[in-house]
Structures are given as C-alpha cells and as structure tokens.
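What follows is one structure encoded as structure tokens, with my remarks underneath.
Not measured: the values here are computed from a predicted model. Whatever order the structure lists them in is the order used to number ligands and atoms, beginning at 1.
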Amino acid sequence: MTELLSDLPVTRLKGVGAALELKLERLGLHTLQDLLFHLPLRYQDRTRVVPMGALRPGDECVVTGEIKVADLMQGRRRALLCRMQDGTGTISLRFFHFSAAQKNQLLPGVRLRCFGEVRPGPGGLEMVHPEYSRIDGDGAVSVDSTLTPVYPATEGLHQTRLRSLVTLAMQYLQPGTLPDLLPETLRRQWKLPGLDDSIRYLHQPPVDANQDLLLEGRHPSQRRLAFEELLAHHLTLLNLRQQAQQQGAPALPYRGTLVKPFLAALPFPLTGAQQRVCNDVARDMTKTFPMLRLIQGDVGSGKTVVAALAALQAMENGVQAAIMAPTEILAEQHRNNFTQWLEPLGIEVAWLAGKVKGKARQKQLAAIQDGSARLVVGTHALFQDEVQFQDLGLVVVDEQHRFGVHQRLSLREKGRNGERAPHQLIMTATPIPRTLTMSAYADLDCSVIDELPPGRTPVNTVVIADGRRQEVVQRVSLACAEGRQAYWVCTLIDESEALQCQAAEVTCENLREALPDLRIGLVHGRMKATEKASVMAQFKAAELDLLVATTVIEVGVDVPNASLMIIENPERLGLAQLHQLRGRVGRGSQESFCVLMYQAPLSKQGRERLAVMRETTDGFRIAEKDLELRGPGEVLGTRQTGMMQFRIADLNRDADLLPGVREVALQIQQDASLGSAVIRRWLGQGGEYGHV
Ligand code: ADP
Ligand code: MG
C-alpha cells in the first residue's frame, strides 16, 4: 500500500528524533509533504568552478587553487589570511575564527576547493570563512550536478541539515505518494506542470535552470504550487459561502411602503451608482437565503443612504434591522442621520453602544427583544450575548474595512436566529483592487459605488516638509479667518496609543499658543466617548475652528464646512488610510486643501507614495498603488488577523493566476472529495478558517 507523504511524520526520516522534530515544528514542518513544500528561497551554483580571473564582488561560487602565502594578521582583528592562485587570478581567504589544526593545514602548496561569497577586501577580492576542502594529489575536482537550494532556516536548524532532510524526504517521492490533485485536463488547460516534477525541479534544479525566474518565484514549477495553494484558499471561501447560503433567510421583497416616502423626502436624487447598488441589494433581499454582499464605495460616495434603503425594505416586511459602526462617533452620527430621516416616517431609532448603561440600556435591550425596536443602531455592543433580537432580518456593518474571514464568520454566527440567518450587508470605504476582492472576499458578492454625488470639488493636496511648519500654521489661520474649519491630524504609527494622544495634546497646546484667536478643540482615543462626541458636536456646529485629532477621525465623520486638513507624518501611514483621512475634507462646495507635512528626509518609497496622494483622489487607483508598494497584507489590513497567509503563493506576484484559480475553483467545486483534498493539503484538517 502506498503511504501518503501527508501521513508520514518527519520522525519517519533517519536521524529525526524528538529534538529535531521540535525544531522542524517551528518552521511548520510536520510531515514529509511539509518538508517537500518547504521551498528554497534561492539557490547556489556549485555546479562549476569559476576561474579566479572572472570573479566579481557579490558572486557566490566555487573556486579551486593553490595557497601561495598563509599569514597570521595581527591588527585590530586577528585573522588568518591565505592567498590563493589558480593561474587566471588570485583571491584571499580570511578566517577570523580558526583552530590550531586549521592553521596547520592551510599552508602554502596546499590545494583547496572553496565555496563562498566574493567580496572586495583591502588587498583585492576575498572570501570570508568560505566552506573549503582539500584537493589531494591531482584528483579531478568534483562539482554538484544540480543547483544547491538555500532554505528558510531557523535557530539550531541550518542549511546543511535541512538539505539532507529534504534529500531524504525526496526518496519517499514515489508514484502515488504525493497525489497530483489537479486533473490532467486542467493542468493542460492552464499549462501547469505535474506536482512530482515540480517538486523535484525546485529542490534540485538542473544546472541550466533559469535562476532569475526561480528567484522571482515565477518559474512554472513554482507557479503550479502557488496555483494549487490559491485554489485551496478560494475553495475554502466558496465552501463558507455555500454553508452560509444553506441557512434560510426571510424573503424581504420591495414593497415601497417605507422606501417610497423616504426617497420622496430625500433632498437629493440617488446617483446612478447608488441606484445600481441599491438594486443589487434589493434583489438579494428577496431571496430565501442570506444576502452576503460587500459594498465598496469611496469616502463620501453615499453609502449611508444605501444602508437606509436596505433597512427600510427589511422593515417593510416587518423584521428588525441592525446597523453597526466600528466607533461610537460613527455610530452616533448614523443614529442622528437615521433619526432625522426616519422619524418623519414614524420609525424610532433604537440605540445601543458601550456608553448606554443602566436603566437606559435595560430599556433598549427589552425593546430589541420584544420587537418594539425596529431599527437598532450601535457599535459592537450590538453583538453581545445579552442582546437578543426578536426577529432580525438584516445586519448592516459599516466601515468594516479591516476584517478577516474570522470576523465575518463570527458576525454571521451572532446574527443567527435558529435555522434562519439575517441578510448581511458589509460596507467599506477602502477600495480594494479587483483581483484581491475576487480572492480575499470570494465568499461575498461585491458591488461598487464608483461615482461621487455631484458638486464635489476634488481636494488639492500639497506635500510640504516639516521645516515649513510656520507657513502651514499661517495657512490655517487664514482659512479660519475666512470662516472655514480645519483639521490637524497627529499621527504616530507603531507607538503606543498613549504616546499618540500625548503628541496630539502637545500639538494642540502649541497651536493654541500660536493661534490665540482660534477656537481649537482636541479629540483623541483616550478621551471618554462622551467627551469625544461633545467635541465633535461642537466642531460640527462650527463652534470650533480647528480640530486637532489623532487618527480617530479616520472614518465617516461628516463636516462639510471643513475644507483644510493638515496631516503630520503622512509618510508613516498607508495610502488607504491617508485617503480615508483626506476624505474628511472636500465634502462641501468650497475648494478644499490637504497638506501632507512630512519629516524630511523622505525615503524614495515615501516620496513615491506621497506623490500618488498628490496626483489622484481616486480611491481605486490609490488602492492599486498601495498594493504595489506595500503588498496585499497591508492593503487588506489583515496582516495581524492571520488571514491570507500563504506558504508559497504571493498575491502580488501571482495576481495573474487569480482569474484561472477562480475558474478552476468553480469547476471542481462540484467534486466535493477533490475540493476537500485540496483544502486539506494546504489548510490542514478542516481548513484554517474553521467551520461556520
Ligand atoms: P460615505 O459613503 O462616506 O459613508 P455618506 O453616506 O456619509 O458617505 O455621504 C456623504 C455625504 O453625501 C452626506 O452628506 C450625504 O448626505 C451626501 N449624499 C449622499 N448621497 C448623495 C446624493 N446622491 N446626492 C447628493 N448628496 C449625497
Ligand atoms: Mg459612511
């Protein structure tokens, strides 16, 4: 019977005991299959001897020659220096650490074969601590027949050991021990080599392998593995979607009893994009399985109205709707908006946030439970165990741009009511490049609001060094004198929130001194929610001219009269976040400005990124650029959540594989056993994402 490499523990290999097993575990290597999927980072070429005359600094290669001089250098650092010659040139070997035996062996006249990196030294090219062996007599020098892999290693588990372990594991690579899960027809269609061949090639590439291609990770053998891994992730998401949709949901068709009067009273017509997205949502809600829709719309594109329309359609059918925002400030803003919009329709907006306490809370909880509260707005507090909905039909999650699969799942779980799940609408202002959406959110349907309401003037963005702070302060003074309002955003990334708040406090003090005529307010994350809200309310009511803030104002805050924003240290923020911040201005009719005040000097990448901000206000272009410059982990904001961790695939590099992956996933989704084999291979038992 053939044993599968995925079933064979590393301890099956000769010489692997408990201690080594533990070290391998640190690299995530448990089975022989894991070892074979542990791909080299790069390769060394020990397949030929390079003449010394042809060496260049930076080369990593084999040389052979005879020691001409061996000297003990005394100087700042003691070293053994051997000068070698091969008839075409010379090179020195330098040893800082050496034994007496080594010193006695490395004598003039001795011939050596060395491998190491060539560097410029004080007296010409040299190798520091090369690997070496003696060539005895005039025996031919042996060279390797394949390139030498260099693996990701870990403390106490070095290259030579890893190489020999992989070589041992390769002996188990027999027909059938590592089944090729991709059917032949698909492989041919997508031009993917076989699995065995790919693995062999990557651990032991032939002499003439294209090393550049391998280094970039674009060799067909690598792409084949990446393809399969991406496929596994995609299939997992499709499964999740299928499971979610197997739950029932209340059909909530459009009736118009609330939607119509709402639209009639709305002071503006919907944009074409809003209309289109609303139609997508309205159609989803008529189904008897839960809607799972993601709405992407740039800041200011008018997502709130879309949420309101969905909520009204739910209420037209007699079920409850819940709207959740990530912060109290935002939740409160929604509460105000919805109250204003819906009160005329006779709908009371219930309100639940962390700060709603005591009797008030009990009252809200009771109303949610007995169903007298039809629309509930709140923060994460909405999903605490004590909150029981009578008949929740729709959940809207706003500004949820930093969430992974896990959070999506727990959200679904919490909204569940017996066999029925609510319809779900997720809204984000972070535009995500299409390729990423397709793979990271394959369990969701996506709609994009790709049009801003008319009458907006694009924000002018200026990039200025911190040295010109005085001018910037003057500019704030002038703008406020003209009756405009301004934001001053203090950022400190990777520092504690406490430090960030402190910085904002100091800046606020300084600005108050410099601009005594202005009414200046401060908001930061360490203030009580009520204090924050009251400062925000003052700013909104134009009782403050300047608002000094940390990035707590990032999302959603709407003050149309604010037309100037200063952002300190913008070079430390992601482009998406800068875009979000900047979206706070340019909401009114007057011309708006955003001043990015960086700390000189800027790195090349920093310059490039800020230039992007200056050149465009298109959220999707900014997202594409962010992806290019920082990678998908940052763009999706999921580096920390452990979502989309790949062993081999790289979303940036392999983005062009995604359309194919998607197609293949849809094809083999029908074949449950094949699909689950792929998932098991790459994401382990049950899949990394757990069960619904
Ligand atoms: P976001 O997508 O960032 O959540 P909002 O829903 O807060 O955007 O809308 C931003 C502003 O644009 C609000 O003041 C809102 O009333 C207004 N707005 C929304 N839709 C339209 C529209 N179709 N025409 C004009 N103004 C609109
Ligand atoms: Mg919003």
Counting heavy atoms only, which part of Gln274 comes closer than 4.0 Å to ligand 1: side chain, backbone, both or neither? side chain

By ring-ring contact (aromatic ring centres under 6.0 Å, His included) - contacts of Trp351 (at least two apart): none

List the steps and the verdict of side-chain hydrogen bond (donor to acceptor under 3.5 Å, both in side chains) for Gln485 and Asp545. CA-CA 5 Å; Gln485 288 170 279; Asp545 304 300; over 6 Å; no

Asp391/Arg420 ion pair, N-O < 4.0 Å: yes

The atoms of ligand 1 lying under 4.0 Å from a heavy atom of Val299, numbered in the order shown, are 3 (O)

Please list, in number order, the atoms of ligand 1 under 4.0 Å from a heavy atom of Thr271. 23 (N)

For Asp298, take its heavy atoms, then give the atoms of ligand 1 lying under 4.0 Å from any of them. 2 (O)

Would you check whether Arg587 reaches within less than 4.0 Å of ligand 1, judged by its heavy atoms? yes

If we only count N/O pairs under 3.5 Å, is Gly302 in contact with ligand 1? yes

Is the shortest distance from a Lys or Arg side-chain nitrogen in Arg276 or Glu451 to a carboxylate oxygen in the other one below 4.0 Å? no

With nothing but distance in play, are any N or O atoms of Leu270 less than 3.5 Å from an N or O of ligand 1? no

So is Asp398 in contact with ligand 1, going by heavy-atom distances below 4.0 Å? no

Location of contacts on Ile449 toward ligand 1, heavy atoms closer than 4.0 Å: neither

Got an N/O contact under 3.5 Å between Trp341 and ligand 1? no

Arg241/Asp445 salt bridge by N-O under 4.0 Å criterion: yes

For ligand 1, which atoms have a heavy atom of Thr304 less than 4.0 angstrom away? 4 (O), 5 (P), 6 (O), 7 (O)

Is any NZ, NE, NH1 or NH2 atom of the basic residue among Glu571 and Arg607 found under 4.0 Å from an Asp or Glu carboxylate oxygen of the other? no

Contact atoms of ligand 1, heavy-atom distance to Pro269 under 4.0 Å: 22 (C), 23 (N), 24 (N)

Is there a side chain to side chain contact (heavy atoms under 4.5 Å, CB included) between Ile566 and Val489 once you walk through the steps? CA-CA 6 Å; Ile566 318 298; Val489 184; over 6 Å; no

Taking distance alone, with no angle check, do Gly300 and ligand 1 share an N/O pair under 3.5 Å? yes

Take a 6.0 Å sphere around CZ of Arg512 and say whether it holds more than 12 heavy atoms from other residues, nucleotides or ligands. yes

Decide if atom CZ of Arg662 counts as having more than 12 heavy atoms of other residues, nucleotides or ligands within a radius under 6.0 Å. no

Go through ligand 1 atom by atom and flag the ones less than 4.0 Å from a non-hydrogen atom of Ser301. 2 (O), 8 (O)

